[in-house]
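All ligand and atom numbering here is 1-based and tracks the order in the structure.
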Amino acid sequence: MSTLKLDRITKRFGNVTAVSALDLEVEHGECVAMLGPSGCGKTTTLRMVAGFEDIDEGEILTADKVLSSKIKNYYLPPEKRDFGMVFQAFAVWPHLTVYENVAFPLRIRKLPAAEIERRTSDALRHTNLHKVANNRPDDLSGGGKQRVALARALAIQPKVMLLDEPLSSLDPHFREEMRFEIKDIQRRLGFSILYVTHDQSEAMALSDRILVMKGGVVQQVGTPTEIYYRPANRFVFGFIGLSSLLRIRFFNGRCFVDDIDMPLDAATPAPPEIVGAGEGVLAVRPADADFVDEGGLPGIVRRRSLLGEIVDYQIAVGEQVVRVQKTRHEPGPNTGEACQLKFVLGNWYPMTDSADS
Ligand code: ATP
């Protein structure tokens, strides 16, 4: 069985359904990121798993025990769930040394002194804090403080770590460094991670699978590649990575962007149900639109910006805008010039998507 199983869990606050019938299984050693816009229910889900919130429906289980079950009317308090937890705020005790911060949960659990010493030293070594074990957390940077919180969670040797935006208070440099550090420690120690973030690059870099939520409802669960290249709906496509969503009409077997006749390109054929409906949305990543000399969709370069290695274009096509990105070595038009576009890859969605409601 999986290390952690969420079986149709639901949470309501008054008439707001924060999480609706959410299913998820986290496998041994797997990292699953929960990703979605603010208010979509990520933190509530994590809090239900941690035991800080009871559930209104469903069950939460680990391989060997039930944690919360509505039907069995059972709820195990957080301190008995044995999860490691790291939150956004630097939750460290300023009056204790780094060593004592890490040892504290083990002392609460009344472990033998030698075991406390061994686990604390191991956790400090895994997080590179052994040299500052006698310092106070206030002597450390934000990244250092968060490392103390991580070491404290590791010391209880959890099978599952619950991380809620643990890197969002760090500056970008530390954030990237800690991202790889967490992944590295996870590989070495083999625990599973359930990770809440609204940062898609963090989710892509850290996780084996990503769960995308909107309005308390799961939109898709898949590997980063599946989520990026085969998004289940328009919302997921638009939420992950940059995208252009072009409204397109079909008329007499021809395809139009506003009033512009669009060449039907073999690389992006519309499925029959979209053609049959007479309209649809073509979603295109900026790297999947190419400039061509002839036979493309006509547009005007509204803005061309150099972003280091990448050149970012906004191309006006009728009333709509297509985002194109090329490396700075690739030739491309200048601001104000006419150009033609060909889409090498795109995803078609119905004009009204189930995720829109
Ligand atoms: P963020 O990224 O901003 O933290 P989130 O995806 O984690 O957002 P939640 O914090 O889980 O979202 O909130 C989900 C919904 O539940 C929101 O509508 C929120 O206002 C509501 N909510 C969360 N906690 C409570 C509470 N204690 N009482 C009432 N409503 C709540």
Side-chain angles (χ1 to χ4, degrees), residues 4-26 31-60 67-68 70 75-78 81 83-91 142 146 149-150 153 160-172 175 178-179 182 192-207 209-222 224 227 231-241 353-357:
L4 178 66
K5 182 172 178 180
L6 283 55
D7 188 3
R8 296 192 71 72
I9 59 166
T10 294
K11 180 73 191 175
R12 296 181 202 94
F13 295 107
N15 54 12
V16 173
T17 302
V19 178
S20 177
L22 184 143
D23 281 325
L24 177 68
E25 290 199 37
V26 181
C31 177
V32 177
M34 289 192 286
L35 183 66
S38 188
C40 74
K42 309 179 292 289
T43 295
T44 302
T45 304
L46 203 75
R47 287 175 59 78
M48 286 192 282
V49 175
F52 298 134
E53 298 281 0
D54 204 355
I55 56 179
D56 288 321
E57 280 170 38
E59 268 190 333
I60 303 174
L67 304 182
S68 302
K70 195 63 195 171
Y75 159 79
L76 189 70
R81 297 194 176 200
F83 291 132
M85 290 180 228
V86 181
F87 300 111
Q88 178 176 352
F90 305 136
Q146 211 49 338
L150 184 62
V160 182
M161 279 276 202
L162 305 179
L163 308 181
D164 190 351
E165 306 255 11
L167 310 182
S168 59
S169 321
L170 307 182
D171 66 42
R175 206 179 301 164
M178 280 285 285
R179 207 187 263 178
I182 291 175
S192 309
I193 297 181
L194 188 56
Y195 194 105
V196 163
T197 181
H198 60 259
D199 181 332
Q200 42 173 290
S201 54
E202 204 162 286
M204 303 284 268
L206 260 172
S207 46
R209 284 186 304 149
I210 299 174
L211 179 155
V212 184
M213 288 179 88
K214 182 191 174 208
V217 179
V218 174
Q219 303 295 314
Q220 188 171 4
V221 183
I227 297 279
N233 57 37
R234 221 165 80 183
F235 170 78
V236 177
F237 194 104
F239 190 72
I240 309 283
D353 200 311
S354 57
D356 291 345
S357 54

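At a cut-off of 3.5 Å, with distance as the only test, a side-chain donor of Ser68 or Arg81 sits close to an acceptor on the other residue.
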From CA spacing to verdict: salt bridge (charged side-chain N to carboxylate O under 4.0 Å, His left out), Lys5, Glu59 | CA-CA 8 Å; Lys5 182 172 178 180; Glu59 268 190 333; over 6 Å; no
Would Arg175 and Asp199 satisfy side chain to side chain contact (heavy atoms under 4.5 Å, CB included), going step by step from the backbone distance to the final call?
-> CA-CA 11 Å; Arg175 206 179 301 164; Asp199 181 332; 4.1 Å; yes
Verdict with supporting geometry, Ile60 and Leu4, side chain to side chain contact (heavy atoms under 4.5 Å, CB included) = CA-CA 7 Å; Ile60 303 174; Leu4 178 66; 4.2 Å; yes
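Within the listing of ligand 1, atoms 14 (C), 15 (C), 16 (O) sit less than 4.0 angstrom from a heavy atom of Ala18. Less than 4.0 angstrom separates some heavy atom of Cys40 from each of these atoms of ligand 1: 5 (P), 6 (O), 12 (O).
Close N/O approach between Glu165 and ligand 1 is not found [any backbone or side-chain N/O within under 3.5 Å]. The N/O atoms of Gly41, backbone and side chain alike, include one that comes under 3.5 Å of an N/O atom in ligand 1. Residue Glu53 places no N or O, backbone or side chain, under 3.5 Å from any N or O of ligand 1.
In this structure, atom 3 (O) of ligand 1 lies nearest to the protein heavy atom Ser38 OG, 2.5 Å. When hydrogens are left out, the protein atom nearest atom 8 (O) of ligand 1 is Gly39 N, 2.7 Å; that is the closest non-hydrogen contact. Closest protein heavy atom to atom 13 (O) of ligand 1: Thr44 OG1, 3.8 Å. Nearest non-hydrogen protein atom to atom 18 (O) of ligand 1 is Val16 CG1, 3.9 Å. With hydrogens left out, the protein atom closest to atom 4 (O) of ligand 1 is Thr43 OG1, 3.7 Å, a heavy atom. Regarding atom 27 (N) of ligand 1, its nearest protein heavy-atom neighbour is Phe13 CE2, 3.7 Å. When hydrogens are left out, the protein atom nearest atom 2 (O) of ligand 1 is Lys42 NZ, 2.9 Å; that is the closest non-hydrogen contact.
Protein heavy atoms come within 4.0 Å of atom 22 (N) of ligand 1. Distance check on atom 15 (C) of ligand 1: some protein heavy atom falls below the 4.0 Å cut-off.
Inter-residue side-chain proximity for Phe52 and Met85 is flagged as met; some heavy-atom pair is nearer than 4.5 Å. Using a 4.5 Å heavy-atom threshold, the side chains of Leu24 and Leu194 count as touching.
Under a 3.5 Å cut-off, the side chain of Asp23 and the backbone N or O of Arg8 do form a donor-acceptor pair. Although no hydrogens or angles enter the test, the distance criterion places no donor-acceptor pair under 3.5 Å between the side chain of Lys42 and the main chain of His198.
Proximity of Pro37 to ligand 1 is established by a heavy-atom distance of less than 4.0 Å.
Scanning both residues, Pro231 and Val236, for their nearest heavy atoms gives CB-CG1, 3.8 Å.
Arg12 CZ to Asp56 CG: the interatomic distance, rounded to the nearest 0.5 Å, is 5.0 Å.
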